[in-house]
Amino acid sequence: MPKNKKPAGGSRAQSFEPRYGAKKTSYQDAKRRPGQSSAGKPGSKSPSHRGYRPEAEEAAPKKQRWSAQERAGRNEARGIRSQAQGDRPRRDDRSDRPARSDRPARSYDDRPVRSYDDRPVRNVGESGRRGSDRARFDGGDRNVRRYERDDRRPQGERRSYGDARPSFRDDRPRYERDDRPRRDDRQRDDRARGGRDDRPTYGGNRSDWKQDEKDAAKRQAFERHADTVHEKLQAEAIQAEEVAGVTFAGLGLGDNIVRALEDLGAASPFPIQAATITPILEGKDVLARGRTGSGKTIAFGAPLVESVLRSQAGKRREFGRSPQALILAPTRELALQIDRTVQPIARSVGLFTTQIYGGVPQARQVGALKKGVDIIIGTPGRIEDLQEQGKLDLSEIRIVVLDEADHMSELGFLEPMQRILRLVEPDAQKLLFSATLDREVAALVDEFLVDPAVYEVAGEDQDSGTIEHRVLVIDHRDKAEILTNLVDRDGKTLVFARTRAYAEMLAEQFDDAGIHAVALHGDLNQAKRTRNLERLTSGRVNVLVATDVAARGIHVDDIDLVIQADAPDEYKTYLHRSGRTGRAGRSGTVVTLITRQRRRKMTEMLDRAEIDAPFDDVRPGDDLLEALRSAE
DNA sequence: AAAAAAC
């Protein structure tokens, strides 16, 4: 019976046979030699096993990295070798070694030089750090394009803050420690001087070093202030009383849009809306401060739709048309949320929106773009990605909105923002909305906004009075118990953790204690992020443990307790996190847990945030915890 | 130092 002649795997093994042909015999010889132990040899002994390694491979020296010391030793040896020339030929004769002995040398000596030669263009663009990341994913030709793009724009022409400029990024140490810090500095410096021709090669010379030192000194001066509240930009404050009696129609919005706004629950304009709608319709660049929840989204969304509509008046909306407006947000959740507001407004006048953000398949987004949309809402990464793939045309963008611009001016966001903004026509209208209006956003303001109208909503200040702030000074070992105690309540609770891992851990911990909780952080896939947030919104779960991904923008109506399991480092983070409660005039409580050692730091931070909060020493079971649980 | 944002 042929079936039984061979075991199941037989034919398969046979088909592999030729590959092992030569070695198999030697293997078999070795194996069959009586008395020889195979113990201590790594790898499977069977050639048909996937772990099989022929003897020859074992004989080869082990691959390993050179430690710094070994490298030093090698260089020393090389010095000796060059004196005693006789050594060399003999080394080269060792036919199995040369590649190996060359490799460390190459990585030590040649690589840096070569890699700089490979990417000179990056010196010019602002893409320094990112460029190197990118190189892993694709070829270098993209960098060339970027260079052309960047070069096209005359730098430093719209500057108005003089030498204060470098402060935005200079207080970020990572740039200084980067492997090409001087390049960044020089680049920035050139912009300040308005010239960029005399940029020396990266190798640098003496005078560069001197310049660098000067820059470093400047930087240090700024770093001393980096921790303080940034100087506020000059803004026109809007009083709530001034807007009484104003209507959306009166501000210049069309009937359909006004109706759509009514459907969204916006019957009459909030102060920020009353302030910004008119100048936006007039085509002015606008810089406005207002928390999400202050009606910011409508403040830019409604006039943006109106304005796109007007510009298309009389024109047919063609299949595959390029988008006219772009709204940028720092997180996917926020982009989604903005779309939820803007889309109905746009639809009311027959315009289309689409979301362009990462973490989800591109196909649907690309499909929408192919059909043609008027307004795109998204996060920087995917927008750049699709643009580079040629699937998103930004050349016809007439209006750009940056939401949460202060956040987007932070490390890691600023440069993508700048690159995207440089892709749109320079005369496109720019609207910049930010929770804080200080010099942090000036990097963007300086370069991209022309004579902006600046608004700040008075009385909308962070400490709006509806939020009660408390600081609980606890023993670290009590932390878990106190947290579990606090979240065991009726209302919706948002817990902030500093890291993704801790957020995940806390959610599990609460679950284990019988309190249903979900997590929201960047380690989750987008589906889970969306679902978990929705669970809190819908009330199916009352406790959400999040990282700072949820600190900004996300809007859940009735969160009445925000717990900061880890105190934030920055006063702005504190403000943003606490802004998740006390929304739309409701009251809310913000509780921050700290250990004794952190008291002072916490006091300083609250000072900067201009928030008064009592500090209380708390242990598990204290009455205060009970009071906080049931508060509201 | 961490978080977010791209395959």
Side-chain angles (χ1 to χ4, degrees), chain A residues 127 129-139 142-143 146 171-178 223 226-227 326-338 355-366 376-392 402-421 423 435 440 495-506 519-526 528-530 533 545-554 564-570 572-574 576-577 580 598 601:
Chain A
S127 42
R129 199 166 55 84
R130 180 192 191 263
S132 62
D133 291 346
R134 170 151 229 118
R136 290 200 305 266
F137 296 104
D138 48 56
R142 208 155 276 169
N143 295 316
R146 180 165 302 120
D171 54 1
R172 265 117 203 179
R174 268 179 73 186
Y175 278 88
E176 274 85 77
R177 311 232 170 88
D178 200 338
E223 273 169 38
D227 220 29
L326 170 64
I327 302 173
L328 287 161
T331 66
R332 299 166 189 170
E333 278 74 15
L334 191 52
L336 254 167
Q337 194 177 283
I338 293 169
Q355 308 137 9
I356 307 285
Y357 56 77
V360 295
Q362 298 183 2
R364 225 177 100 179
Q365 299 172 358
V366 173
I376 56 181
I377 298 151
T379 48
R382 180 61 66 84
I383 288 176
E384 268 202 295
D385 194 6
L386 293 187
Q387 195 278 331
E388 280 168 0
Q389 290 181 41
K391 290 167 178 166
L392 171 59
L402 304 189
D403 200 7
E404 299 289 348
D406 55 338
H407 192 204
M408 300 227 268
S409 305
E410 285 169 19
L411 178 75
F413 268 128
L414 180 62
E415 296 191 355
M417 299 306 312
Q418 287 172 327
R419 281 194 301 266
I420 291 171
L421 287 171
L423 288 172
E440 274 205 316
V495 182
F496 280 107
R498 198 170 60 95
T499 67
R500 304 160 174 192
Y502 188 43
E504 195 63 37
M505 203 193 91
L506 279 180
L520 178 65
H521 55 76
D523 261 353
L524 299 174
N525 63 40
Q526 193 52 42
K528 278 186 189 153
R529 278 170 64 165
T530 311
L533 180 57
V545 190
T547 59
D548 280 329
V549 68
R552 292 162 185 265
I554 67 144
Q564 311 201 62
D566 297 308
D569 291 323
E570 268 189 297
K572 279 191 198 177
T573 311
Y574 185 100
H576 282 291
R577 285 175 169 188
R580 297 313 101 201
R598 210 176 157 105
K601 216 173 156 189

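A note on names: the letters A, B, ... follow the listed sequences, proteins ahead of strands, and every chain is numbered from 1.
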Compare all side-chain heavy atoms of [X] with those of [Y] and state whether any distance is below 4.5 angstrom.
X	Y	result
A:L334	A:R332	no
A:E504	A:D523	no
A:R500	A:L524	no

Is A:H521 touching bases, backbone alone, or none of the nucleic acid, heavy atoms closer than 4.0 Å?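 Touches sugar-phosphate only.
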
Nearest-Å distance for atom pair [atom1]/[atom2], residues [X] and [N]:
X	N	atom1	atom2	result
A:Q362	B:dA6	CD	C1'	9 Å
A:L334	B:dA3	CG	C1'	15 Å
A:E410	B:dA1	CD	C1'	14 Å
A:I383	B:dA5	CD1	P	13 Å
A:L520	B:dA3	CG	P	13 Å
A:R552	B:dA4	CZ	P	13 Å
A:E333	B:dA5	CD	C1'	12 Å
A:D569	B:dA3	CG	C1'	11 Å

Taking the minimum atom-to-atom distance to the side chain of A:R498, which one of B:dA2, B:dA5, B:dA3 wins?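 In terms of side-chain proximity for A:R498, the closest of B:dA2, B:dA5, B:dA3 is B:dA2.
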
Of all the nucleotides listed (B:dA6, B:dA5, B:dA3), which has the minimum atom distance to the side chain of A:F413?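 The closest nucleotide is B:dA5.
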
Using OP1 and OP2 only, check whether a side-chain N or O of [X] sits under 4.0 Å from [N].
X	N	result
A:R529	B:dA3	no
A:T379	B:dA6	yes
A:T499	B:dA1	no

Drop me the distance from A:I356's CD1 to A:Q362's CD, to the nearest 0.5 angstrom. 9.0 Å

Ignoring hydrogens and angles, tell me if any N or O in the side chain of A:R580 forms a donor-acceptor pair with the backbone of A:A551 under 3.5 Å. yes

